[in-house]
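Structure record follows, encoded as structure tokens.
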Amino acid sequence: MILLRVAMRSLLGRRITVALTVFTIALSIALLFGVEKTRVGARTSFADTISDTDLIMGARSGSVQLLLYSVFRIGNATNNVSWQSYQEIVDRPEVEWAVPISLGDSHRGYRVMGTTAEYFDRYRYRGGRQLEFAEGEPFDDLFDAIIGADVAQALEYQLGDDIIVAHGLASFSAHDDHPFKVAGILEKTGTPVDRTVIVSLEAIEAIHVDWQGGAQILGQSTSADVLRQMKLTPKAITAAMLGVNSKLQIFQLQRAINEYRQEPLLAILPGVALQELWEIVGVAETALAAVSAMVVFTALIGMMAMIFSGLNERRREMAILRSIGARPSTVFTLLLMEAAAMTLAGIVFGIAILYTILWIVRPIIDARFGLYLPLEPLDLREWKLLGLIAITGALVSIAPAIRAYRLSLADGMSIRM
Amino acid sequence: MATQDNKDTSFALELAGVKYQWPGKQPFSIAIERFAIEPGERVLLLGESGSGKSTLLSLVCGIILPDSGTISIGETKLNDLSSSARDRFRAENIGVIFQMFNLLPNLTPLDNVLLPLHFAPARRARLQEPARDAALSIMEKLGLPLEAMIGSPASRLSVGQQQRVAVARALIGQPSLIIADEPTSALDTKTRSTFMQLLFAQVVSAGSTLLMVSHDASLASEFDRAVSMSEIAETSQMVLA
Ligand SMILES: Nc1ncnc2c1ncn2[C@@H]1O[C@H](COP(=O)(O)OP(=O)(O)O)[C@@H](O)[C@H]1O
Ligand SMILES: [Mg+2]
């Protein structure tokens, strides 16, 4: 179609301005879709972190808070659950399995989590996947530690290496009298497990035998072998993952825990708590999406300004077209086509930038934030969004096109510049 | 549609009782009692700058519509046509040459010549050969270097060459009426006479009627007839407070 050729040639004739306009649109689209991909990636990644756990139980606090510290290792528990209460809950008939976890200590910035060996069977992620050992096996000895893939990679640990656990999360006092040995390294999961050092519940108890109120009791250091012989029943745990015999009993058990008299406890359904979390971050997400959408809109307005500013120089062109028989509506169409072509080029180029950047930063984001962004093709929603942008581009260019139409009507054949 | 074989009774162009006033702050108005051109006639319309020559040509082309009076080309009354029909009629029957900047600068000269055919299917159908060949042969007759017509944008050509490409564009498909608005004023004397010769040769071979406006009375001898604006038109430039 010759009109398209005229439009393309005209764009080529202004290639620098056009290239800049297209580049602006492309960048804005890459930004918008980058935010969108990150958002979806974060949501999926969060949702994939826990599966097949019916309830999570902890001391009474907010359900989002409980979910965050127990599953995502974000924030801290304000209170513990006493071992006795935990035992009583676990003994209830609804409970099929229970895995206690104890958090609070750290190793070189990574959280140390005490749990039972059952954790490796019961913990499931991304639709029911199980933890796999890349090397080694679950703990056998009291001072065995299992480390996540990121811990192993970042600290270059191998089986048999010593690990010294620090007391608390950012503390200089270390449990250096009782070093752990790396007994197993887990496969990468894309969950916070990758950044966790897992030890037995007893070990957590053991390293605190000589401690009181956040400091080591002066001169007291029980030897490892003595500790190995001791009966190390924990006094408290941070939280527990629970499975019920029948899904129908979930709410029954939840109510029982929430109404537990001896101690204020809270049980949450991970999916429901996650939903609550989305409601909270939803506001920020929407704000971010709105800002990036505004950026796209600004880029399109920039294109409109560019077309407007070019109109005067192009009145001659339009008069020529009119003189050879083009209708004013043809002039209108021509400008719309130019705008559509620029928007389209911006979209294609923007998506190319997006995937290139995603491809480059993916490993970095994964390493830094444990956020695994899948490199998936655009989904229906994203295609629709692109369609919307294309339509907006066309709409925005209607104003200069109308102006061109008017000019070409008013100018006649003689243009008064 | 106007036909090539105009009957004796109809003029190639006829204006009767035409009045037009430009809108705006300082409206210019023009009134033409009667002005007609015989088919095949070559007429030079002389007038000072600002005397309304281009306005008259816009009226003839149907780009603007008179406030009153009639304009006929062949047997077609422009007044009777809708605005899109007028555009179509212009595409099919009128070739226009401007003073300068006739071409779309980013298209090749060849594409410029072919462009009007896109708006004028009948004119395209009149061609004896494929459009591209027709365009190239007319450009060749106008002494244009063909390599430069195909590969590079029209803006690379000299002004004289651009004017000749404009002639080719106006004449392709042999429209019945050729309108030229001071086509030589941007050319030097030597290029001017070559241009005029080439234009005339092509107009004659196409059998078209030519209406050219200029402020240069020295061109008059080459035309069948020379008319001055003041003879046919009353104009006034109103100055509003
Ligand atoms: N597009 C236009 N809009 C409004 N007024 C115009 C336009 N073109 C020409 N005029 C008016 O018509 C007058 C005559 O202009 P024009 O027909 O171009 O004369 P010429 O071609 O003889 O130099 C100008 O002085 C101007 O006031
Ligand atoms: Mg003029």
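Predicted model only: the values in this text are computed from it and were never measured. Chain letters run A, B, ... following the sequence lines, proteins first, then strands; residues in each count from 1.
We find that B:Asp67 and B:Lys19 are not joined by a salt bridge, their nearest charged nitrogen and carboxylate oxygen being 4.0 Å or further apart.
When each of B:Leu114, B:Asn112, B:Asp111, B:Ile94 is scored by its heavy-atom pairs under 4.5 Å with chain A, the top score falls to B:Asp111. Of the listed residues B:Leu103, B:Leu107, B:Thr108, the one with more heavy-atom pairs under 4.5 angstrom with chain A than any other is B:Leu107.
Using a 4.5 Å cut-off between heavy atoms, B:Arg169 touches chain A through its side chain atoms alone. Only the side chain of A:Thr330 comes within contact range of chain B, with at least one heavy atom under 4.5 Å from a heavy atom of that chain. Within the 4.5 angstrom heavy-atom criterion, atoms from both the backbone and the side chain of A:Arg5 approach chain B. B:Leu59 does not touch chain A: none of its heavy atoms, backbone or side chain, sits under 4.5 Å away.
With sequence neighbours left out, the side chain to side chain contact (heavy atoms under 4.5 Å, CB included) criterion links A:Val40 to A:Glu36, A:Thr44. Residues that satisfy the side chain to side chain donor-acceptor pair (under 3.5 Å) test with A:Thr356, not counting sequence neighbours, are absent from this structure.
The closest side-chain heavy-atom distance from A:Leu386 to A:Ile29 is below 4.5 Å.
Checked by atom type and distance alone, the side chain of A:Arg14 pairs as donor or acceptor with a backbone atom of A:Ser10 at under 3.5 Å.
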